Amino acid sequence: MTTILSVKNLTKQYGAFTAVAGVSFSLAAGRTLAILGPNGAGKSTTLKMIYATTPITNGTVQINSIDVQRQPRAAKQAIGVVMQDDLLATTLTVMENMIAHGILFDIPLRQVKERAHSLLAFVGLTNYENADTTNLSGGMRRRLVLARALINKPRLIILDEPTTGLDIQSRHVFWHQLNVLKQQGVAILLTSHYVDEIEALADNVAIIDHGQIVAAGSTTTLAQQLAAPSLEAAYLRVTHFDERSEQIDQTRHQ
Ligand code: ADP
Ligand code: MG
């Protein structure tokens, strides 16, 4: 299998504080890896270093064998990003948002328009090409951000908590689209708070806490390997949920 993403000993310091402490993993074409972890664990920071929007303190990231630090622009050509916030230009229509993003990749306008039409059809937004983005529902906005992230035909899609805040139907539509992309050979790296999302999408899961991977393996066998009844139970154990809930109790009684 072709390795699309290779992350080695990735580290991020904010001053004296270590947000990501030596994280390593790789991801092959057509595979999905989920990063699961509590708030503040370092998930978003890890992703931001991979898509070259925050400097790497230590370690390396290679996308399609391109070093992200040495050739950020070339690496970005192979990535599509769905960030936590939609960051849609509210003064532009759905189609204009697609075009504006395509231009960033130096894709000729005619080609951007062709791709935008077919991507908007893929995410079910054909009838909304001329709509203002402010008139879209939460689920539609997320699908537009996904379509936009695909304009440069990425080999790797990176999604930070892609379905947080969506209703159940919208989540399932979004999952379906990601699974279609996966079948087309796209590699998918996502963070999530939802175990059901990870089970629906991911082949592998890395559980991260305090900037370190504390458990990793196949989504279907990790729980068994850790002798836990479910992935959620395994997650709670490796992130020391018991100790944390005692701390919460103590603060309540103080
Ligand atoms: P997650 O996405 O897992 O919730 P983040 O990667 O956003 O966590 O943050 C990891 C840690 O790094 C947190 O403790 C957060 O407060 C800290 N952090 C994130 N961004 C910055 C920043 N720009 N400056 C200082 N600390 C930061
Ligand atoms: Mg985050």
Side-chain angles (χ1 to χ4, degrees), residues 32-40 43-44 46-48 50-51 53 76 79-105 107 109 111-154 156-184 186-202 205 219 232:
T32 302
L33 171 68
I35 300 178
L36 177 65
N39 279 329
K43 302 181 296 296
S44 296
T46 300
L47 298 191
K48 284 178 190 160
I50 294 170
Y51 60 75
T53 56
K76 280 183 184 184
I79 317 177
V81 179
V82 175
M83 281 179 262
Q84 237 167 323
D85 303 314
D86 288 336
L87 298 177
L88 290 165
T90 49
T91 53
L92 302 180
T93 65
V94 166
M95 183 50 116
E96 286 164 350
N97 264 280
M98 296 292 288
I99 293 170
H101 195 69
I103 289 168
L104 292 179
F105 289 96
I107 308 166
L109 186 60
Q111 213 177 337
V112 171
K113 284 185 177 165
E114 277 170 18
R115 279 192 205 171
H117 280 303
S118 70
L119 287 169
L120 290 173
F122 169 62
V123 299
L125 290 177
T126 295
N127 296 332
Y128 294 87
E129 285 187 1
N130 299 316
D132 284 343
T133 55
T134 42
N135 293 333
L136 302 180
S137 70
M140 288 163 139
R141 290 170 68 84
R142 294 267 83 191
R143 273 144 52 202
L144 172 55
V145 176
L146 177 64
R148 190 177 64 168
L150 299 171
I151 200 87
N152 55 316
K153 297 193 173 171
L156 168 68
I157 313 174
I158 298 176
L159 309 104
D160 200 356
E161 294 184 31
T163 68
T164 296
L166 293 191
D167 64 50
I168 294 173
Q169 278 94 344
S170 302
R171 292 174 80 205
H172 279 268
V173 170
F174 199 88
W175 293 348
H176 171 73
Q177 282 149 357
L178 287 181
N179 274 321
V180 170
L181 292 167
K182 184 184 166 181
Q183 277 154 26
Q184 292 170 357
V186 175
I188 299 174
L189 174 65
L190 80 151
T191 69
S192 183
H193 278 140
Y194 303 121
V195 172
D196 64 340
E197 177 157 85
I198 287 168
E199 286 171 339
L201 293 176
V205 56
T219 307
E232 187 146 335

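The basis for the numbers below is simple: all heavy atoms, side chains too, and nothing from hydrogens, waters or symmetry mates. Note that the structure is predicted; figures quoted are calculated from it, not measured.
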TODO: Report yes or no: does K43 contribute a side-chain atom to a donor-acceptor pair with the main-chain N or O of P38 at less than 3.5 Å?
DONE: yes

TODO: Measure across R142 and E161 and return the closest heavy-atom pair with its distance rounded to 0.1 Å.
DONE: NH1-O, 3.9 Å

Open item on the list: To check you understand the geometry: which heavy-atom pair defines the closest contact between D160 and S44, and what is its length?
Closed with: OD2-OG, 2.6 Å

TODO: Check whether more than 12 heavy atoms from other residues, nucleotides or ligands sit under 6.0 Å from atom NE2 of H193, and answer yes or no.
DONE: yes

Open item on the list: Counting C-beta onward and ignoring hydrogens, is there a side-chain heavy-atom pair between L178 and L159 closer than 4.5 Å?
Closed with: yes

Task: Backbone of L166 reached by a side-chain donor or acceptor of T163 within 3.5 Å - done: no

Task: Spatial distance of atom OG1 (T32) from atom CD1 (I198) [nearest 0.5 Å] - done: 11.5 Å

Task: side chain to side chain contact (heavy atoms under 4.5 Å, CB included) between V123 and L119, intermediate numbers included - done: CA-CA 6 Å; V123 299; L119 287 169; over 6 Å; no

Open item on the list: Quick check: do L181 and F122 have side-chain heavy atoms less than 4.5 Å from each other?
Closed with: yes

Task: Check: R141 side chain, L136 main-chain N or O, donor-acceptor pair, under 3.5 Å - done: no

- [ ] Assess whether atom CD of E129 is packed by more than 12 heavy atoms of other residues, nucleotides or ligands within 6.0 Å.
- [x] yes

Task: Check: M140 and V94 side chains under 4.5 Å, non-hydrogen atoms - done: no

Task: Nearest-0.5 Å distance that lies between atom CD1 in I99 and atom CD1 in I103 - done: 7.0 Å

Task: For the student: nearest non-hydrogen atoms of L201 and K182, plus distance - done: O-NZ, 3.8 Å

Open item on the list: Using 0.5 Å steps for rounding, measure from the CG atom of L88 to the CZ atom of R148.
Closed with: 5.0 Å

Task: Atom pair CG/NE2 of N179 and H172 - distance to nearest 0.5 Å - done: 11.5 Å

Open item on the list: To check you understand the geometry: which heavy-atom pair defines the closest contact between D167 and S170, and what is its length?
Closed with: OD1-N, 2.8 Å

Task: Distance under 6.0 Å and angle within 45° of ring axis: R171 vs Y194 - done: yes

TODO: List the steps and the verdict of side chain to side chain contact (heavy atoms under 4.5 Å, CB included) for I79 and N152.
DONE: CA-CA 8 Å; I79 317 177; N152 55 316; 5.6 Å; no

- [ ] Report yes if the side chains of L33 and I188 come closer than 4.5 Å at any heavy-atom pair, otherwise no.
- [x] no

Open item on the list: Tell me the closest heavy-atom pair linking A116 and M95, and the distance in Å.
Closed with: CB-SD, 3.6 Å

TODO: First locate atom CZ of R115, then atom CD1 of I107, and finally report the distance between them rounded to the nearest 0.5 Å.
DONE: 4.5 Å

TODO: Given side chain to side chain contact (heavy atoms under 4.5 Å, CB included), test V82 with I158 step by step and report yes or no.
DONE: CA-CA 6 Å; V82 175; I158 298 176; over 6 Å; no

TODO: Side-chain contact test, heavy atoms from C-beta onward, threshold under 4.5 Å: evaluate it for T164 versus Q84 and give yes or no.
DONE: no

Open item on the list: Restricting to non-hydrogen atoms, name the atom on T90 and the atom on T133 that form the minimum distance, rounded to 0.1 Å.
Closed with: CA-OG1, 3.5 Å

- [ ] Assess whether atom CG of L104 is packed by more than 12 heavy atoms of other residues, nucleotides or ligands within 6.0 Å.
- [x] yes

TODO: Count the heavy atoms belonging to other residues, nucleotides or ligands that lie under 6.0 Å from CZ of F174, then report whether that count exceeds 12.
DONE: yes

Open item on the list: side chain to side chain contact (heavy atoms under 4.5 Å, CB included), that's the test. Do V205 and E199 meet it? Break it down for me.
Closed with: CA-CA 9 Å; V205 56; E199 286 171 339; over 6 Å; no

Task: Test item: Y51 and L189 side chains (from C-beta on) under 4.5 Å apart, heavy atoms - done: no

TODO: Report yes if the side chains of M83 and T53 come closer than 4.5 Å at any heavy-atom pair, otherwise no.
DONE: no

Task: Partners meeting side chain to side chain donor-acceptor pair (under 3.5 Å) with T46 (sequence neighbours left out) - done: none

